[in-house]
Peer 1: 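Here it is: the structure, laid out below.
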Amino acid sequence: MVREIVRDVIFLGQKSETATKENMAIAHDLLDTLKAHAHHCVGMAANMIGEAKRIIAIKSGETYHVMLNPEIVKKSARQYKTSEGCLSLDGERETTRHDWIEVKYRDMDFKKVRQKFSGLAAQIIQHEIDHLNGILI
């Protein structure tokens with residue numbers, strides 16, 4: 001189900017709670033909502049649809065990834081400055097991102113996954129994990 005986008009910075013500024021198997025409906029709604037906004041959005045965190053759970057969805061090329069409880073376990077020493085926008089906030093803000101990251105998470109079958117991402121996918125994941133930690137970029 002496509003959900004309304006939350007723009008309340010107080011809610012978005014709160015840390016999200018660990019996701020469980022019982023939160024799969026939220027994961028599906030998050031993916032549906034991202035797909036509905038795919039023409040101008042490449043990633044979303046569950047708090048953007050009103051759910052303070054550690055779930056993100058990203059679009060990398062034509063592929064969608066949903067991650068429950070994503071955690072960056074390795075990251076490049078090299079960083080770069082960039083400017084990012086957000087569906088929940090107006091305008092763009094400067095930030096610093098790592099070139100590549102390695103993430104452990106649970107997939108839509110709640111299976112453990114460990115995967116390396118680089119380029120735009122890594123940048124999107126870092127942005128969405130910031131959301132889960134109550135950091136607004």
Side-chain angles (χ1 to χ4, degrees):
M1 171 174 67
V2 176
R3 303 257 208 113
E4 188 173 328
I5 303 301
V6 171
R7 298 178 60 83
D8 178 351
V9 294
I10 293 172
F11 179 78
L12 294 170
Q14 297 173 21
K15 288 188 176 186
S16 296
E17 299 173 358
T18 301
T20 66
K21 284 184 181 181
E22 288 70 35
N23 299 132
M24 292 313 252
I26 297 169
H28 286 282
D29 287 355
L30 185 62
L31 182 58
D32 289 346
T33 305
L34 175 58
K35 287 179 177 179
H37 293 275
H39 60 285
H40 62 276
C41 181
V42 291
M44 296 183 75
N47 58 1
M48 294 173 67
I49 61 168
E51 301 285 353
K53 294 293 180 181
R54 295 190 69 79
I55 307 169
I56 66 171
I58 72 157
K59 182 180 182 201
S60 178
E62 296 304 311
T63 304
Y64 288 90
H65 297 274
V66 177
M67 301 177 184
L68 289 88
N69 304 316
E71 181 184 337
I72 297 171
V73 293
K74 288 185 183 179
K75 54 192 170 190
S76 65
R78 188 170 179 287
Q79 296 179 309
Y80 62 95
K81 290 193 179 296
T82 188
S83 183
E84 297 175 351
C86 180
L87 199 56
S88 289
L89 305 169
D90 293 327
E92 289 190 0
R93 283 144 305 282
E94 276 196 16
T95 190
T96 302
R97 298 293 181 208
H98 294 275
D99 281 343
W100 61 263
I101 56 173
E102 189 171 320
V103 184
K104 71 175 184 178
Y105 62 94
R106 296 217 177 234
D107 66 13
M108 293 289 276
D109 295 319
F110 216 69
K111 291 182 181 169
K112 290 181 182 179
V113 178
R114 190 173 176 126
Q115 190 172 358
K116 189 173 179 179
F117 295 89
S118 60
L120 183 58
Q123 181 178 338
I124 298 164
I125 293 166
Q126 290 171 83
H127 179 101
E128 302 313 331
I129 289 176
D130 279 351
H131 266 294
L132 300 181
N133 294 326
I135 300 167
L136 301 179
I137 299 294

Peer 1: Could you measure the distance from the SG atom of Cys86 to the NE2 atom of His127? Nearest 0.5 Å is fine.
Peer 2: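 Reported to 0.5 Å precision, the distance equals 4.0 Å.
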Peer 1: State, with a plain yes or no, whether a side-chain heavy atom of Met108 is found less than 4.5 Å away from one of His28.
Peer 2: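 The answer is yes, as the side chains (C-beta and beyond) meet within the 4.5 Å cut-off.
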Peer 1: Do Gln115 and His65 have side chains that get closer than 4.5 Å, going by heavy atoms?
Peer 2: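 Side chain of Gln115 against side chain of His65, heavy atoms only: contact under 4.5 Å found.
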Peer 1: Without swapping roles, check the side chain of Arg7 against the backbone of Leu87 for a donor-acceptor pair under 3.5 Å.
Peer 2: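 Side chain of Arg7 to backbone of Leu87: a pair is present.
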Peer 1: Just by distance, do the side chain of Ser88 and the backbone of Val6 share a donor-acceptor pair under 3.5 Å?
Peer 2: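 Between the backbone of Val6 and the side chain of Ser88 there is a qualifying donor-acceptor contact (under 3.5 Å).
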Peer 1: Measure the spacing between CG of Asn47 and CZ of Arg54 and express it to the nearest 0.5 Å.
Peer 2: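 Reported to 0.5 Å precision, the distance equals 10.0 Å.
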Peer 1: Could you list the residues that satisfy side-chain contact (heavy atoms from CB on, under 4.5 Å) with Arg3, not counting sequence neighbours?
Peer 2: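 Scan of Arg3 (side-chain contact (heavy atoms from CB on, under 4.5 Å), adjacent residues dropped) gives Met1, Ile26, Asp29, Thr33, Ile49, Glu51.
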Peer 1: Treating Ile, Leu, Val, Met, Phe, Trp and Tyr as nodes and any side-chain heavy-atom pair under 4.5 angstrom as an edge, say whether Leu34 and Val2 lie in one connected cluster.
Peer 2: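 No, Leu34 does not connect to Val2 through the hydrophobic network.
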Peer 1: Going by the rule ring-ring contact (aromatic ring centres under 6.0 Å, His included), which residues pair with His40 if we only count those two or more places apart in sequence or in a different chain?
Peer 2: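 Expected list: His37.
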Peer 1: Output the rest of the hydrophobic cluster of Trp100: all Ile, Leu, Val, Met, Phe, Trp and Tyr residues reachable through side-chain heavy-atom contacts under 4.5 Å, sorted by chain and number.
Peer 2: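 Other cluster members: none.
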Peer 1: If I take atom CD1 from residue Ile5 and atom CG from residue Leu89, how far apart are they, to the nearest 0.5 angstrom?
Peer 2: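 It is 11.5 Å, given to the nearest 0.5 Å.
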Peer 1: Answer yes or no: are there more than 12 heavy-atom neighbours, outside Gln79 itself, under 6.0 Å from its atom CD?
Peer 2: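 Yes, because the 6.0 Å sphere around CD of Gln79 holds more than 12 heavy atoms from other groups.
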Peer 1: Establish whether Leu30 and Tyr64 are linked, either directly or via other cluster members, by ILVMFWY side-chain heavy-atom contacts under 4.5 Å.
Peer 2: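 Same hydrophobic cluster.
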Peer 1: Could you work out, with side-chain contact (heavy atoms from CB on, under 4.5 Å) as the rule, every residue matching Glu92, not counting sequence neighbours?
Peer 2: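 Here the qualifying residues are Ser83.
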Peer 1: Would you find a donor on one side and an acceptor on the other, under 3.5 Å apart, between the side chain of Glu128 and the backbone of Ala45?
Peer 2: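 Yes.
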Peer 1: Which value, rounded to the nearest 0.5 Å, describes the distance between Thr20 atom OG1 and Ile55 atom CD1?
Peer 2: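 Thr20 atom OG1 to Ile55 atom CD1 measures 8.0 Å (nearest 0.5 Å).
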Peer 1: Give a yes or no on whether the backbone of Phe110 and the side-chain of Asp107 come within a donor-acceptor separation of less than 3.5 Å.
Peer 2: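 Yes: the side chain of Asp107 pairs with the backbone of Phe110.
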Peer 1: Tell me whether Asp130 contacts the main-chain N or O of Ile135 through its side chain, where contact means a donor paired with an acceptor under 3.5 Å.
Peer 2: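 Judged by distance alone, no pair lies under 3.5 Å.
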Peer 1: Using modelled atom types and a 3.5 Å cut-off, is there a donor and acceptor pairing between side-chain atoms of Gln123 and backbone atoms of Arg97?
Peer 2: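 Pair absent, no side-chain N/O of Gln123 close to backbone of Arg97.
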Peer 1: Checking Asp99 now: which residues fulfil side chain to side chain donor-acceptor pair (under 3.5 Å) with it, not counting sequence neighbours?
Peer 2: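 Arg78.
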Peer 1: How long is the straight-line distance from CD of Glu102 back to CZ of Arg114, given to the nearest 0.5 Å?
Peer 2: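 Reported to 0.5 Å precision, the distance equals 4.5 Å.
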Peer 1: Rounded at 0.5 Å granularity, tell me how far CZ in Arg106 sits from CG in Asn23.
Peer 2: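 One finds 13.0 Å between CZ of Arg106 and CG of Asn23.
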Peer 1: Please give the remaining members of the hydrophobic cluster of Ile101, linking ILVMFWY side chains under 4.5 Å, ordered by chain and number.
Peer 2: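 Grouped by the 4.5 Å side-chain rule, Val42, Ile56, Ile58, Met67, Ile72, Val103, Tyr105, Val113, Phe117, Leu120, Ile124, Ile125, Ile129, Leu132 form the rest of the cluster around Ile101.
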